[in-house]
Amino acid sequence: MRYKTEYLTMELPARRGFVNLTPEVERIVRESGVREGLVLVNPMHITASVFINDDEAGLHADFERWLERLAPQAPVDQYRHNDTGEDNADAHLKRQVMGREVVVAVTAGRLDLGRWERIFYGEFDGRRRKRVLVKVIGE
Amino acid sequence: MRYKTEYLTMELPARRGFVNLTPEVERIVRESGVREGLVLVNPMHITASVFINDDEAGLHADFERWLERLAPQAPVDQYRHNDTGEDNADAHLKRQVMGREVVVAVTAGRLDLGRWERIFYGEFDGRRRKRVLVKVIGE
Amino acid sequence: MRYKTEYLTMELPARRGFVNLTPEVERIVRESGVREGLVLVNPMHITASVFINDDEAGLHADFERWLERLAPQAPVDQYRHNDTGEDNADAHLKRQVMGREVVVAVTAGRLDLGRWERIFYGEFDGRRRKRVLVKVIGE
């Protein structure tokens with residue numbers, strides 16, 4: 001069995017935003033030497049997501065508005081989590097809608113993605129340093 | 001290590017619908033010869049889901065109505081993604097609620113599912129040809 | 001390749017609740033002897049979730065209230081699934097928001113989790129015996 005683990009650093013300037021991780025994950029798969037297997041990609045934080053969807057700015061604006069409707073950030077005192085002094089309870093909820101992780105097939109040494117599938121980091125409580133774990137296993 | 005990759009074709013006659021993939025995934029696991037491992041099942045498209053839930057028509061009607069309430073298809077001009085000429089922004093959102101993929105354990109050569117767990121393809125923008133990837137790895 | 005499969009028993013006294021599974025999953029990873037690989041954790045039931053988030057009681061209260069707003073349990077006759085005699089259609093919906101499973105990296109023989117990441121069982125239709133599957137694969 002072959003494997004490779006790498007940690008990517010994220011630091012977004014705004015509270016929320018999306019970053020296309022696909023080129024980095026492709027590089028890690030290539031460097032791993034794995035030809036057939038799986039790659040796991042997840043944030044190591046509980047106010048962020050890794051998900052697969054379209055690389056289209058209009059859709060990202062729709063995600064932003066929709067998530068804010070499903071789990072609004074303000075007023076912060078609507079959440080018991082924020083009684084601890086935090087203001088990010090909404091980020092913990094948004095991350096559940098978007099999911100924590102993706103698992104992607106590696107076939108013939110490449111990410112086995114459909115034509116429009118792109119791997120994104122979704123930040124819901126940014127302006128701080130965070131990490132994303134990428135783990136490839138296979139042969 | 002053993003592995004097997006197969007691509008299933010989906011083409012639903014309606015915009016939305018659910019298809020039970022469990023027998024096909026069971027067949028692929030059997031043919032892979034993997035006795036202990038994992039199987040990944042995901043659509044290769046960003047307006048569809050693979051998820052595990054009940055094979056019960058009433059529940060599927062509930063999913064349809066509930067997803068339409070959380071992320072309505074119309075009016076299409078409520079979504080910036082649809083400014084590109086698409087009318088499927090809602091499908092990208094619904095797929096996030098239902099999730100992209102499932103990873104299922106393979107134990108003693110079989111899908112290690114609970115009594116009521118069934119693997120479903122969820123289509124949210126049908127009437128076109130799509131693919132589902134099934135990848136088994138293990139030994 | 002090494003692997004280990006274990007089934008944990010859950011029986012919550014209330015309809016809904018959260019249980020921190022992290023110590024049990026850590027133990028299983030340790031006992032598996034896997035140093036590098038993946039661990040899958042999922043309920044074998046379709047009215048429960050396994051997810052990763054914060055071990056903070058205020059946040060769990062927020063999840064409870066938020067999920068009840070997105071997919072209310074009552075009135076039970078709003079769901080076609082409940083025409084079968086069930087009263088748990090909402091639990092099938094809540095589980096989709098929170099997700100079915102988590103896949104976690106195993107690195108140097110340990111769960112490769114971020115500082116605040118904890119693995120939870122989320123019950124949405126309790127007061128009965130259920131099982132959680134834990135499967136470690138790697139080397």
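Numbers restart at 1 for each chain; the letters A, B, ... are given by sequence-line order, proteins then strands. These numbers were taken from a predicted model, which means no experiment stands behind them.
Around atom CZ of C:R27, more than 12 heavy atoms belonging to other residues, nucleotides or ligands sit under 6.0 Å away. The environment of CZ in C:R129 is sparse: at most 12 heavy-atom neighbours from other residues, nucleotides or ligands sit within 6.0 Å. In the displayed structure, C:R15 atom CZ is contacted under 6.0 Å by more than 12 heavy atoms of other residues, nucleotides or ligands. For CZ of C:R35, the number of neighbouring non-hydrogen atoms (other residues, nucleotides, ligands) closer than 6.0 Å is 12 at most.
Summarising the geometry of C:L70 relative to B:W66, their closest heavy-atom pair is O-NE1, 3.0 Å, with the distance given to 0.1 Å. Taking each heavy atom of B:R69 and C:P72 in turn, the nearest pair found is NH2-CD, 4.3 Å.
Between the CE atom of C:M1 and the CE atom of B:M1 there is a distance of 8.5 Å, given to the nearest 0.5 Å. Rounding to the nearest 0.5 angstrom, the gap separating the CG atom in C:L133 from the CG atom in B:D112 is 4.5 Å. In this structure, CD1 on C:I46 lies 11.0 Å from CZ on B:R115, to the nearest 0.5 angstrom. Summarising the geometry, atom OG1 belonging to C:T47 is positioned 9.5 Å from atom CG belonging to B:D54; distances are rounded to the nearest 0.5 Å. Within the model, atoms CD1 of B:I119 and CZ of C:R100 stand 7.5 Å from one another, a figure rounded to the nearest 0.5 Å.
Residue C:Y3 touches chain B through its side chain alone, counting heavy-atom pairs closer than 4.5 Å. For C:L40, the part lying near chain B is the side chain, with the backbone staying farther off; criterion is any non-hydrogen pair under 4.5 Å. Proximity to chain B (any heavy atom under 4.5 Å) is shown, for C:V97, by both the backbone and the side chain. Neither the backbone nor the side chain of C:D83 comes within contact range of chain B; no heavy atoms are under 4.5 Å apart. For C:R95, the part lying near chain B is the side chain, with the backbone staying farther off; criterion is any non-hydrogen pair under 4.5 Å. Proximity to chain C (any heavy atom under 4.5 Å) is restricted, for B:E56, to the side chain, taken from C-beta onward.
Interface check for chain C: of the options B:V102, B:L113, B:L67, the most heavy-atom pairs under 4.5 Å are formed by B:V102.
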Inset, instruction - In sequence, state the C-alpha distance, the side-chain angles, and the governing distance for B:F51 and C:Q96, and then conclude on side chain to side chain contact (heavy atoms under 4.5 Å, CB included). - result: CA-CA 8 Å; B:F51 66 94; C:Q96 290 305 130; 3.7 Å; yes
Original post:
Can you check side chain to side chain contact (heavy atoms under 4.5 Å, CB included) on B:V104 and C:N42, steps first, answer last?
Top reply: CA-CA 9 Å; B:V104 179; C:N42 67 266; over 6 Å; no
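Looking only at distances, a side-chain donor or acceptor of C:K135 sits under 3.5 Å from a matching main-chain atom of B:V106. Here the side chain of C:R80 pairs no donor or acceptor atom with the backbone of B:H60 at under 3.5 angstrom. In this structure, B:D62 contributes its side chain and C:Y79 its backbone to no donor-acceptor pair below 3.5 Å.
At a threshold of 4.5 Å between non-hydrogen side-chain atoms, the residues B:E139 and C:I137 do not count as touching.
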